[in-house]
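Heavy atoms only: backbone and side chains are in, while hydrogens, waters and symmetry mates are out.
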Amino acid sequence: MQPTDTVFIVARAAEGPRMPLAVLRRQARDLPFDYRLDDSLAMSPEFRLSGQTRVVVVARISRSGNALPQPGDLSGQSTPVAPGASGVAVEIGSVVE
């Protein structure tokens with residue numbers, strides 16, 4: 001991991017389409033950091049974080065900066081949580097193949 005690698009924090013519906021509901025983009029040099037995902041970070045007005053009952057938070061470190069997962073990216077995800085949950089820690093411990 002390099003300090004300039006891109007970190008994506010993404011909320012997805014726990015069940016249903018895998019389309020991101022909210023996305024936050026930072027740099028690896030900022031890790032670890034506190035984050036907040038809400039409707040202001042929505043990818044689409046039709047799919048809002050606040051409209052879900054359970055979401056999964058995914059964290060991914062991308063060397064390329066590409067929003068789509070690439071082989072070699074590092075990732076991790078939370079268990080399903082309620083939108084607006086606080087203190088959701090995500091351990092980045094898997095390599096995307």
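- A heavy-atom distance below 4.5 Å is not found between the side chains of Pro83 and Ser50.
- Considering only residues two or more places apart in sequence or on other chains, Asp30 meets the salt bridge (Lys or Arg N to Asp or Glu O under 4.0 Å) condition with Arg26.
- Within the 4.5 Å cutoff, the side chain of Val95 has heavy atoms near those of the Leu74 side chain.
- Among residues at least two apart or in separate chains, salt bridge (Lys or Arg N to Asp or Glu O under 4.0 Å) pairs with a member in residues 48-63 are Asp5-Arg63, Asp39-Arg48, Arg60-Asp73.
- Arg36 has no carboxylate O lying under 4.0 Å from a charged side-chain N of Asp34, or vice versa, which leaves the two without a salt bridge.
- Not counting sequence neighbours, Thr53 has no partner by the side chain to side chain donor-acceptor pair (under 3.5 Å) test.
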Give the C-alpha distance, both sets of side-chain angles, the deciding distance and a yes or no for side-chain hydrogen bond (donor to acceptor under 3.5 Å, both in side chains) between Thr4 and Gln2.
-> CA-CA 5 Å; Thr4 56; Gln2 299 298 315; 6.0 Å; no
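- Residue pairs that meet the salt bridge (Lys or Arg N to Asp or Glu O under 4.0 Å) test with at least one member in residues 82-97, sequence neighbours left out, do not exist here.
- Ser78 places no side-chain N or O within donor-acceptor distance of the main-chain N or O of Val88, the cut-off being under 3.5 Å.
- Counting only heavy atoms from C-beta outward, the side chains of Ile61 and Leu31 approach each other to under 4.5 Å.
- Sequence neighbours left out, not one pair with a member in residues 6-17 passes salt bridge (Lys or Arg N to Asp or Glu O under 4.0 Å).
- Under the 4.5 Å side-chain heavy-atom criterion for Ile, Leu, Val, Met, Phe, Trp and Tyr, Phe8 and Val96 are members of distinct hydrophobic clusters.
- Considering only residues two or more places apart in sequence or on other chains, Gln27 meets the side chain to side chain donor-acceptor pair (under 3.5 Å) condition with Arg29.
- Looking at heavy atoms from C-beta onward, Leu49 lies in side-chain contact with Val55 at the 4.5 angstrom threshold.
- Between Val23 and Ile9 the shortest side-chain heavy-atom distance does not fall below 4.5 Å.
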